[in-house]
Protein chains: 2
Amino acid sequence: MYLRAISFLRRQGQDYVSSRDLADQLHLKSPQIRKDFSYFGAFGVKGIGYRVDTLIGRIREILKLSGTQKAALIGAGRLGKALALYPGFGLYGFEIVEIFDVSPKKIGKKIGNTKIQSIKHLGNLEKRGIRLAILAVPAEAAQETAERLVEGGVRGILNMAPCYITVPKRVRVQTIDIAMELGILPYYV
Amino acid sequence: MYLRAISFLRRQGQDYVSSRDLADQLHLKSPQIRKDFSYFGAFGVKGIGYRVDTLIGRIREILKLSGTQKAALIGAGRLGKALALYPGFGLYGFEIVEIFDVSPKKIGKKIGNTKIQSIKHLGNLEKRGIRLAILAVPAEAAQETAERLVEGGVRGILNMAPCYITVPKRVRVQTIDIAMELGILPYYV
DNA sequence: CAGTGCTTGTGTTCACATTCACAAGCACCA
DNA sequence: TGGTGCTTGTGAATGTGAACACAAGCACTG
């Protein structure tokens with residue numbers, strides 16, 4: 001969250017930012033931000049604020065986002081296609097290098113510059129330098145596909161299906177349930 | 001989250017569920033679940049568990065998800081199209097009844113059964129019974145579009161753009177930043 | 001109908017994150 | 001060079017949510 005906000009400031013040409021400014025923008029209190037940044041290792045300047053470049057570098061370092069991260073996309077449906085061509089991954093240095101699907105009709109076709117492969121070729125992702133996967137398959141297929149990803153050596157899964165998936169402890173899953181997020185809104189409205 | 005998990009159990013024909021079973025499935029501790037359900041108003045049966053139908057009804061009631069909720073979709077790009085046809089909204093009773101876009105090339109065309117309208121016709125959403133909007137426009141346009149939605153009487157916005165948007169207090173925003181969720185993974189991997 | 005096994009509901013404890021408050025420090029200015 | 005204004009970094013106070021432990025209660029069995 002900080003990385004996104006501060007990258008935005010850099011694009012606007014800002015060199016320094018104070019905890020107060022960031023707090024206002026992110027709807028947080030300023031001591032919260034100073035505490036967090038102090039955990040990162042202190043590098044603010046009293047009277048001035050934090051240097052934007054330093055912050056971005058440090059946060060990327062902590063999140064292990066330095067350099068480019070290769071990712072695989074599983075599922076070339078409507079959502080998968082949208083994700084394959086989504087420009088927002090660039091900010092974090094992600095690149096979708098392989099796309100998989102079950103449907104014979106889709107296999108062999110291209111999305112952007114990437115050819116859709118059969119899901120049978122999921123093995124050995126690790127040896128191809130891929131540790132992350134985006135799972136954009138129907139909920140019914142999510143668990144099974146996740147297991148094949150784990151076999152293939154994937155260490156992190158971004159699950160777009162509206163269900164929990166169970167994986168070994170060494171694998172991290174982050175689930176985005178779009179409908180659920182929408183479902184939160186009526187309560188407050 | 002509970003609603004999703006318990007709806008799944010109902011589809012499987014399960015009548016009762018214990019806090020322990022739910023805890024295992026959701027990777028939570030059982031007292032957590034009992035505490036939450038007790039806040040909803042106690043209706044479990046000792047020795048048996050909670051009645052699935054009762055739970056679903058009560059949670060839907062609390063979240064104000066009873067009946068059907070109309071929603072507007074703004075942005076008919078790749079992501080917008082995927083969302084318009086996304087089947088997952090049904091579980092929560094959502095229905096996307098109107099779609100808007102700026103591009104003259106898209107206006108007039110249909111996604112599914114819904115015609116794409118010009119973004120100029122955003123006003124009066126409230127009078128058409130629409131209180132929720134899904135914002136699937138580029139980050140640069142998100143703030144401006146959100147303001148027009150608020151003018152149109154929208155009370156809740158699901159923001160798919162990777163940025164914060166500022167709205168009056170009476171309006172609730174829920175942001176999904178897909179790339180950011182992916183950005184969390186390398187830290188743990 | 002007493003005993004057993006399982007489950008709820010909740011008072012208490014515990015851990016942790018947020019917020020407050022303030023000393024310390026930098027920059028700018030007269 | 002001393003004064004002013006702003007900002008950081010952090011110990012202490014506060015608030016909050018999760019975990020524990022256990023009494024109470026239901027169902028089934030012999």
Side-chain angles (χ1 to χ4, degrees), chain A residues 1-6 8-10 12-59 61-63 164 169 172-175 180-181 184 187-188, chain B residues 1-6 8-10 12-59 61-63 164 169 174-175 180-181 184 187-188:
Chain A
M1 192 178 69
Y2 287 143
L3 183 56
R4 182 180 63 189
I6 299 164
F8 180 73
L9 293 177
R10 178 158 73 173
Q12 291 192 325
Q14 198 168 326
D15 284 336
Y16 284 87
V17 63
S18 72
S19 59
R20 168 181 283 273
D21 287 351
L22 260 182
D24 290 347
Q25 207 173 114
L26 297 176
H27 303 110
L28 300 169
K29 309 280 179 183
S30 64
Q32 175 72 69
I33 289 175
R34 291 200 295 280
K35 261 258 156 66
D36 287 340
F37 287 2
S38 83
Y39 292 141
F40 297 171
F43 40 73
V45 184
K46 296 180 209 280
I48 298 294
Y50 299 86
R51 186 160 174 78
V52 166
D53 285 337
T54 315
L55 268 177
I56 292 177
R58 187 77 188 99
I59 296 174
E61 197 181 332
I62 290 169
L63 295 177
Y164 269 83
K169 261 188 303 204
R172 176 84 186 188
V173 176
Q174 196 77 20
T175 297
M180 189 177 81
E181 301 290 334
I184 292 168
Y187 176 76
Y188 296 97
Chain B
M1 193 178 69
Y2 287 145
L3 183 56
R4 181 180 65 190
I6 299 164
F8 179 72
L9 292 178
R10 179 158 70 173
Q12 292 193 323
Q14 199 167 327
D15 284 336
Y16 284 88
V17 63
S18 72
S19 59
R20 168 181 281 272
D21 287 351
L22 259 182
D24 290 346
Q25 207 172 117
L26 297 176
H27 302 112
L28 301 169
K29 308 281 179 182
S30 64
Q32 175 73 66
I33 289 175
R34 291 200 296 277
K35 262 263 158 63
D36 287 341
F37 288 1
S38 84
Y39 292 140
F40 298 172
F43 40 73
V45 183
K46 296 181 208 282
I48 298 293
Y50 300 85
R51 187 161 173 78
V52 166
D53 285 337
T54 315
L55 268 176
I56 292 178
R58 187 77 187 100
I59 295 174
E61 196 182 332
I62 290 169
L63 294 177
Y164 270 82
K169 260 188 303 203
Q174 195 78 19
T175 297
M180 189 178 80
E181 301 290 335
I184 292 168
Y187 176 76
Y188 296 98

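Side-chain atoms are counted along with the backbone in the values below, which use heavy atoms only and exclude waters and symmetry mates. None of these values were measured; they are calculated from a predicted model. Just so we're on the same page: letters track the sequence lines, and every chain starts at 1.
Note that CZ of A:Arg10 is 13.0 Å distant from CD of A:Gln12, once rounded to the nearest 0.5 Å.
By the 4.5 Å heavy-atom criterion applied to side chains, A:His27 and B:Tyr164 are counted as neighbours.
Remark: side-chain polar atoms of A:Arg58 are paired, donor with acceptor, to backbone N or O of A:Phe40 under 3.5 angstrom.
Going from atom CZ of A:Arg20 over to atom C1' of C:dC20 covers 14 Å, rounded to whole Å. Following rounding to the nearest Å, B:Leu55 (CG) and C:dT8 (C1') show an atom-to-atom distance of 12 Å. Separating the CG atom of A:Leu22 from the C1' atom of D:dC6 is a distance of 16 Å, rounded to the nearest angstrom. Between the CG atom of A:Asp21 and the P atom of D:dC6 there is a distance of 13 Å, rounded to whole Å.
The ring-ring contact (aromatic ring centres under 6.0 Å, His included) test with A:Tyr50 singles out one residue from A:Tyr2, A:Phe37, A:Tyr16, and that residue is A:Phe37.
Side-chain N/O atoms of B:Ser19 include none lying less than 4.0 angstrom from OP1 or OP2 on C:dT7. The phosphate of C:dG9 has OP1 or OP2 within less than 4.0 Å of a side-chain N or O from B:Tyr50.
Across all strands, B:Phe43 comes closer than 4.0 Å only to sugar-phosphate atoms, never to a base (heavy-atom distances).
Side-chain polar atoms of B:Ser30 and B:Arg20 form no donor-acceptor pair below 3.5 angstrom.
Side-chain to base pairing of A:Lys35 with D:dT10: no donor and acceptor N or O lie closer than 3.5 Å to each other.
With sequence neighbours excluded, the residues satisfying salt bridge (charged side-chain N to carboxylate O under 4.0 Å, His left out) with B:Arg4 are A:Asp177.
Each end of the helix from C:dC1-D:dG30 to C:dA30-D:dT1 gets its own axis from five base pairs, and the two axes differ in direction by 0°, given to 10 degrees.
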In B/S/- notation (B base, S sugar-phosphate only, - none; protein heavy atoms under 4.0 Å), nucleotides 21-30 of chain D written 5' to 3' is B--BBSS---

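Within a 6.0 Å radius of OH in B:Tyr187, other residues, nucleotides and ligands contribute 12 heavy atoms or fewer.
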